[in-house]
Amino acid sequence: MSDTSSTPAPEPGANPPVPPAPPAAQPGAYPPAAPAPQPAPQAPPAAQPAAYPPPAQGAYPPPAYGAPTTPAPYGSAPAYGSAPAYGAAPGYGAAQGYGYGAPTKTNTLAIVSLIASISSFVILPFIGSIVGVITGHMSLKQLKTSGEQGRGMALAGTIVGWVGLGLTLLGIVAMILFFVFSFAVYSSTGTYSS
């Protein structure tokens, strides 16, 4: 008689059975018992793929191996249907459309206008504003035709220059009014007497 177990065989694709846990260590035993080796899990049997039949005779043409062709001379186009010639030297000269061009120049009068207008608030109150306004208008006129950069600096120099001129004129008017008012007050009270 053969020894068979009463458990049914696992179905294909089902998880393998879990092996039993190792026995617990005996208290007081030294060294502790090594765990029992566990058997490697068995993969479920996979279905064998069906073998593909070989291709029919004449289904694919055999590759055309022939004598190597000589490359075309330099500068001529390859013949129709032939492989391109590799290793040919590239043409010389500047490549069109690649890389970065030289940066455009910034208008010098725009820079002078901005610096002079800012200096009108720090160093030269009236003269800096006049220089900033004049050079700002000159640079704006040049920028229309030259294609240079610096329009923002020219506008800023012109605007800051006009603001500086306005504040200078307001300061002069306020100073004149202050002297006129103080002279009027002083002259109405008369001389100082004790």
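Enclosure of atom CG in L169 by more than 12 non-hydrogen atoms of other residues, nucleotides or ligands within 6.0 angstrom is indicated.
Scanning both residues, G150 and A110, for their nearest heavy atoms gives O-CB, 3.3 Å. Here the closest heavy-atom approach between residue S129 and residue G161 is recorded as CB-O, 3.5 Å. Nearest heavy-atom pair across A154 and S113 is O-OG, 4.1 Å. Of all heavy-atom pairs spanning V131 and T135, the tightest one is O-OG1, 2.7 Å. The two residues V133 and L165 make their nearest non-hydrogen contact at CG2-CD1, 4.0 Å.
Contact of the F121 side chain with the V163 side chain is registered, since non-hydrogen atoms from C-beta on lie closer than 4.5 Å. Considering only heavy atoms from C-beta on, I159 stays 4.5 Å or farther from W162 through its side chain.
In this structure, S117 has no side chain to side chain donor-acceptor pair (under 3.5 Å) partners at least two apart in sequence or on a different chain.
Apart from F178 itself, the hydrophobic cluster it occupies contains M175, F179, where clustering links Ile, Leu, Val, Met, Phe, Trp and Tyr at side-chain heavy-atom distances under 4.5 Å.
Residue pairs meeting the side-chain hydrogen bond (donor to acceptor under 3.5 Å, both in side chains) criterion with at least one member in residues 101-112, sequence neighbours excluded: T104-Q149, N107-Q142, N107-E148.
Under the 4.5 Å side-chain heavy-atom criterion for grouping Ile, Leu, Val, Met, Phe, Trp and Tyr, I130 is connected to M138 within one hydrophobic cluster. In the hydrophobic cluster analysis, where Ile, Leu, Val, Met, Phe, Trp and Tyr join through side-chain heavy atoms closer than 4.5 angstrom, I134 is grouped together with F126. Hydrophobic clustering places I111 together with L114 (ILVMFWY residues linked when any side-chain heavy atoms are closer than 4.5 Å, directly or through intermediates).
With hydrogens and angles ignored, the 3.5 Å screen pairs a side-chain donor or acceptor of T168 with a backbone N or O of G164.
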